[in-house]
Number of protein chains: 2
Amino acid sequence: MSHILLVEDDSDIMRINRTFLENEGYTVHCADSVQTASFMLEECVPDLVLLDVMLPDGDGMDFCKILRQKTQAPVIFLTARDENDSVVMGFRSGGDDYITKPYDLNVLKARIEAQLRRNAKQSPQHPKIELPELTVDLFAGTATFDGNEYSLPQRELQILYMLASQIGSRISYHDIYKTIYGCDVEDSKNTIRVNISRLKKHLNMDDMSTYEIAATSDGEYVLRRVIF
Amino acid sequence: MSHILLVEDDSDIMRINRTFLENEGYTVHCADSVQTASFMLEECVPDLVLLDVMLPDGDGMDFCKILRQKTQAPVIFLTARDENDSVVMGFRSGGDDYITKPYDLNVLKARIEAQLRRNAKQSPQHPKIELPELTVDLFAGTATFDGNEYSLPQRELQILYMLASQIGSRISYHDIYKTIYGCDVEDSKNTIRVNISRLKKHLNMDDMSTYEIAATSDGEYVLRRVIF
DNA sequence: GAACAGAATTACGAAATTGTAATCACAGGG
DNA sequence: CCCTGTGATTACAATTTCGTAATTCTGTTC
């Protein structure tokens, strides 16, 4: 499932790691120098990088900085040194974990899994407005209203989003138009009015709904919670 | 410009405040009891509420709780009492500020302005992804890419948003399809492929762009920063 | 009640969107 | 050099979107 980029110049260690990780079900890409690793980045897209600190043509930490320009994939440093400043520098250059040789393969496995899990967790949660009986999801282009979900066209969604994000306060035609279209124009009233009308219909808004869109006398709209 | 709801049973104080505030350019709605204030809420939509704590038919704090169900408009309590627990209770019931009588009208003005300013500040800032040379704005339905702004249709925007929010990691056809359509289906590949193709064209993506959308051999896509 | 004004809704048609299917491009293997 | 499979692009058509304009609705004034 996951792709691991292994950067290691000791061929024995590389072979052992590679075999072990492939048996665990990972796809392993190997590189024995900074240069080949950089090259491989163009080809494979790793989910995680195992990176030896000492490499024949440069420092693993430098490579780590290059890597960070391309991906957020977690980096685990592998090293013989166990000095503190090396650890600190590793983390500072963007590393996520640090394992000192010699290490137990099951420890390696556990740390890899931990990093991958962590990365999977901060998965996509779209921005949403959530009010009681009313939610607006800009990513999905949907709104739930009084228990039902509706897929709304862009203009209506934008208006609902504006109203919902400032529930209870008045928003003028001009503000709405300006926010949506970037500029203002003579006949903004009609356009907004029509779209709000469409919005109400789409949401099946009526006297029984928990919210209403009220118009004030001087060209402003308000989304209000109706309380019986 | 702004509408202020003034709830005060002392007719002298009400008149003085009303006149002063109207001279300052506010639209003032008055109520002398909890009941009329509740009723006025249905009619006017205040941007700010000035609320006497002691009212003939109830406690201003109770009204404050009702109010909060309808609007986030700031509430400033007006009171003769200056005991601490009254202040605490006022804030607890949702009040934003507290002025003890007698007060200077210019102090009142300053506090009103402060509250309105505060409310205006937390104004709508849409969720965006911002990377160097690439931004995605779900609200506006637009993306900027290498300096140009493009208005994208929903499907393409959704895909770009997913890719951009996980730049550098592989996302499968299935994941994209499932996230966008909610369910998975047999022929998800083609649909996603076509939309990604359209997306590239819309963004004028070519070899010279700072990002590329690369496809892996096993049905996955990656958004990558191209480094020369 | 007539007349009117402004708001709300509906009608309409041009343009955009988008899933499906057809076509093109291209690499690997015979 | 021809197949063949796969990915990328293009073609197409049904549907949706959406601004404008027409119409209806509603409340107010005379």
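Each chain gets a letter, A, B and so on, in the order the sequences are listed, and its residues count up from 1. What's counted below: heavy atoms across the whole structure, side chains too, no hydrogens, waters or symmetry copies.
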Taking atom [atom2] of [N] as reference, at what distance in whole Å does atom [atom1] of [X] sit?
| X | N | atom1 | atom2 | value |
| --- | --- | --- | --- | --- |
| A:Lys200 | C:dA8 | NZ | C1' | 7 Å |
| B:Asn190 | D:dA8 | CG | P | 11 Å |
| B:Met205 | D:dA8 | CE | C1' | 15 Å |
| B:Gln154 | C:dA16 | CD | C1' | 13 Å |
| B:Arg193 | C:dA25 | CZ | P | 16 Å |
| B:Leu203 | D:dT9 | CG | P | 13 Å |
| B:Glu220 | D:dT6 | CD | P | 17 Å |
| A:Gln158 | D:dT17 | CD | P | 13 Å |

*First of A:Gly219 and B:Pro153 reached from the 5' end of DNA chain C, by closest nucleotide*: A:Gly219

*asked:* If you assign B:His202 and B:Tyr177 each to the DNA chain C nucleotide with the nearest heavy atom, which residue ends up on the more 5' nucleotide?
replied: B:His202

Residue-phosphate contact under 4.0 Å: [X] side-chain N/O, [N] OP1/OP2:
| X | N | answer |
| --- | --- | --- |
| B:Lys189 | D:dT6 | no |
| B:Thr191 | C:dT20 | yes |
| B:Tyr221 | D:dA8 | yes |
| B:Asn195 | C:dG19 | yes |

*Nearest-nucleotide 5' precedence on DNA chain D, A:Leu152 against B:Asp218*: B:Asp218

*Is it true that the side chains of B:Thr210 and B:Asp146 contain a donor and an acceptor less than 3.5 Å apart?*
yes

*Given D:dA21, C:dG19, C:dA7, which nucleotide is nearest the side-chain atoms of A:Val194?*
D:dA21

*Counting side-chain heavy atoms from CB outward, which of C:dG19, D:dA8, D:dG19 is closest to B:Arg155?*
C:dG19

_Ion pair B:Asp175/B:Lys178, N-O distance below 4.0 Å_ = no

*Non-hydrogen atoms of A:Met40 and A:His29 that approach each other most closely*: CE-CB, 3.9 Å

*Is there a donor and acceptor pair, one atom on the side chain of A:Arg198 and one on the base of D:dG19, closer than 3.5 Å?*
yes

*Find the distance between NZ (A:Lys128) and CG (B:Leu138) and round it off to the nearest 0.5 Å.*
12.5 Å

*Hey, what's the ring geometry for B:Tyr221 with B:Tyr173, parallel, tilted or perpendicular (30° and 60° as the breaks)?*
perpendicular

